[in-house]
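Worksheet for the structure shown next.
All values below come from the heavy atoms of this structure, side chains included, with hydrogens, waters and symmetry mates left out.
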Amino acid sequence: VCIILGAGCDIQGLITLSGVGCSVICENSVDLDGILASGDDAYVNGGGWDTISDGGIANDAIDVTGDDGIIENIAVQTTAGGGQAYDGVDVTGGSRSIVHAVKVVASDDQGINLGTDALALGCVILAVDDRGLTIGSAGRARVIGNYITESASATGAVTVGGAGDNSVMVGNIVQDPTGDSIDIDSGGENCVAVGNRVDGGIDDNSGTSTVAQNDATAF
């Protein structure tokens, strides 16, 4: 199934992609109320950042629970300050997902939450209530060339959790005015954080990760 949406469409309700190989393809300037991709090989293309998926206070803006999903060229948000656990993009339910050129306008929880073997490439994360980008549920994630800023009330910009082993963070610009721009948990073993420009420093609690050639004067 392929859903094609023209510019100006306003979809009032959650879109569910439950079959294998389903897709949503938009022209720029479409309004969505959230997407759940539970089937494998899902594809979502917003056509540009004037298309926005807004999960509000009820859903993740985009939630991928199948394997091998691709999300790109779209803006996302959930209602900031609402006290709900809804992310901009959550791909922790599947493996090998790609999140590319996604703009997180605001999130009531995490901006982008990565799963096993996931890739976040060229994304922009502007405002979150908790963490900008998290490698939490599983490892071998790649975080490359993203721009992430944090408000003073947020918890952290890039966080590698205890199960985020063997992940790579390269070429990102990251700001966290109140803490560590990149924080590697003690259980996040054998990660690589190289060539990033950060504000707030990098905290490697693992003792086994490679942290080198990062510049701490980005902002």
Side-chain angles (χ1 to χ4, degrees), residues 1-5 11-26 30-47 51-79 82-123 125 128-144 146 158-167 188:
V1 175
C2 179
I3 301 171
I4 300 176
L5 301 172
I11 306 301
Q12 299 182 11
L14 181 70
I15 294 176
T16 300
L17 304 177
S18 58
V20 174
C22 291
S23 59
V24 175
I25 299 174
C26 305
V30 171
D31 288 331
L32 306 168
D33 286 350
I35 298 172
L36 170 61
S38 57
D40 294 344
D41 303 307
Y43 179 60
V44 175
N45 191 326
T51 290
I52 187 162
S53 182
D54 186 348
I57 59 171
N59 301 292
D60 293 322
I62 299 177
D63 186 7
V64 179
T65 60
D67 294 335
D68 304 303
I70 299 174
I71 309 298
E72 62 181 355
N73 305 327
I74 192 168
V76 298
Q77 68 181 29
T78 59
T79 301
Q84 306 295 325
Y86 293 117
D87 301 329
V89 179
D90 185 343
V91 299
T92 58
S95 299
R96 300 177 300 276
S97 292
I98 294 175
V99 184
H100 169 237
V102 169
K103 178 182 180 180
V104 180
V105 178
S107 175
D108 201 25
D109 196 11
Q110 299 171 98
I112 297 175
N113 196 359
L114 297 179
T116 305
D117 300 319
L119 168 65
L121 174 67
C123 296
I125 301 174
V128 299
D129 288 0
D130 192 359
R131 295 177 174 87
L133 188 147
T134 299
I135 306 167
S137 64
R140 298 187 302 273
R142 293 151 292 155
V143 178
I144 302 172
N146 303 284
V158 176
T159 300
V160 181
D165 304 63
N166 305 302
S167 294

Validation row: I98, L121 side chains within 4.5 angstrom (heavy atoms): no
Close side-chain approach of I3 and I25, heavy atoms under 4.5 Å: no
By salt bridge (Lys or Arg N to Asp or Glu O under 4.0 Å) - contacts of D68 (at least two apart): R96
Distance in Å, D129 CG paired with Q84 CD, rounded so as to fall on 0.5 Å steps: 11.0 Å
Nearest-0.5 Å distance that lies between atom OG1 in T65 and atom CG in L36: 5.0 Å
Close side-chain approach of D33 and L14, heavy atoms under 4.5 Å: no
Spatial distance of atom CD1 (I35) from atom CD1 (I62) [nearest 0.5 Å]: 4.5 Å
Under 3.5 Å: donor-acceptor pair, side chain of S53, backbone of A61: yes
side-chain contact (heavy atoms from CB on, under 4.5 Å) partner of D90, chosen from D63, T134, N59: D63
Spacing of CG belonging to N113 relative to OG belonging to S107, to within rounding of 0.5 Å: 9.5 Å
Any donor-acceptor pair under 3.5 Å from S167 side chain to A141 backbone: yes
Partners passing side chain to side chain donor-acceptor pair (under 3.5 Å) against D108 (at least two apart in sequence or in another chain): none
Gap between atom OG of S97 and atom CD1 of I112 - 0.5 Å precision: 12.0 Å
Closest contact, heavy atoms only, A85 versus D60: O-OD1, 4.1 Å
Any donor-acceptor N/O pair, D87 side chain to Q110 backbone, under 3.5 Å: yes
Partner of I135 by side-chain contact (heavy atoms from CB on, under 4.5 Å), out of V143, T92, D165: V143
Steps toward side chain to side chain donor-acceptor pair (under 3.5 Å) verdict (Q77, D54): CA-CA 5 Å; Q77 68 181 29; D54 186 348; 2.8 Å; yes
Donor-acceptor contact below 3.5 Å, side chain N146 vs main chain C123: yes
4.5 Å side-chain heavy-atom contact, V102 and I125: no
With R131, the side-chain contact (heavy atoms from CB on, under 4.5 Å) member among T159, V158, D109: T159
Any residue meeting salt bridge (Lys or Arg N to Asp or Glu O under 4.0 Å) with R140, in chain and number order, not counting sequence neighbours: D117
Nearest-0.5 Å distance that lies between atom CG in D31 and atom CD1 in I52: 7.5 Å
Y86 backbone acceptor or donor facing T78 side chain under 3.5 Å: yes
Check: V24 and L17 side chains under 4.5 Å, non-hydrogen atoms: yes
Donor-acceptor under 3.5 Å (S23 side chain, Y43 main chain): no
Working for side-chain contact (heavy atoms from CB on, under 4.5 Å), residues L114 and L119: CA-CA 8 Å; L114 297 179; L119 168 65; over 6 Å; no
N45 side chain to G47 backbone, donor-acceptor under 3.5 Å: yes
